[in-house]
Amino acid sequence: MREPFAFGSVRTTYVVLACAHLDHDPSNNAFANLAALCQRCHMLHEAAEHRWQRWWNASRRRAIRDLFEDPRATRERLARAATMRFR
């Protein structure tokens with residue numbers, strides 16, 4: 001015969017829901033575009049968008065630096081980076 005279930009041994013977990021925009025557009029707040037996801041599922045849903053956003057920000061910073069940085073400073077920075085790679 002089975003032992004009776006003991007409620008004291010149950011572990012409770014709190015799950016926080018986050019509102020996800022299914023098309024990754026925060027300005028589109030139509031109910032069909034919103035989903036309540038746990039934080040883990042929300043991050044998995046947004047992972048590709050976050051990777052793209054990191055790439056876009058980095059390339060934009062490089063482009064701005066290329067436009068406004070003094071060429072001598074660029075040459076020195078690249079030389080320092082090359083010597084640091086081989087240490």
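In what follows, every heavy atom counts, from backbone to side chain, and hydrogens, waters and symmetry copies are set aside.
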My understanding is that only one of His24, Arg51, Gln53 makes a side-chain contact (heavy atoms from CB on, under 4.5 Å) with Glu46; could you say which? His24
Check side-chain contact (heavy atoms from CB on, under 4.5 Å) between Ile64 and all other residues, then give those that pass, not counting sequence neighbours. Arg60, Phe68
Would you tabulate the side-chain donor-acceptor contacts of residues 31-45 under 3.5 Å, counting partners in other chains and residues two or more places apart, or write 'none'?
from, atom 1, to, atom 2, distance (Å)
Asn33, OD1, Leu22, N, 3.3
Asn33, OD1, Asp23, N, 3.0
Asn33, ND2, Asp23, OD1, 2.9
Asn33, ND2, Asn28, O, 2.8
His45, NE2, His21, O, 3.4

In chain order, what residues pass the salt bridge (Lys or Arg N to Asp or Glu O under 4.0 Å) check against Arg72, with sequence neighbours excluded? Asp70
Whether Trp52 and Trp55 hold their rings parallel, tilted or perpendicular, with breakpoints at 30° and 60°: tilted
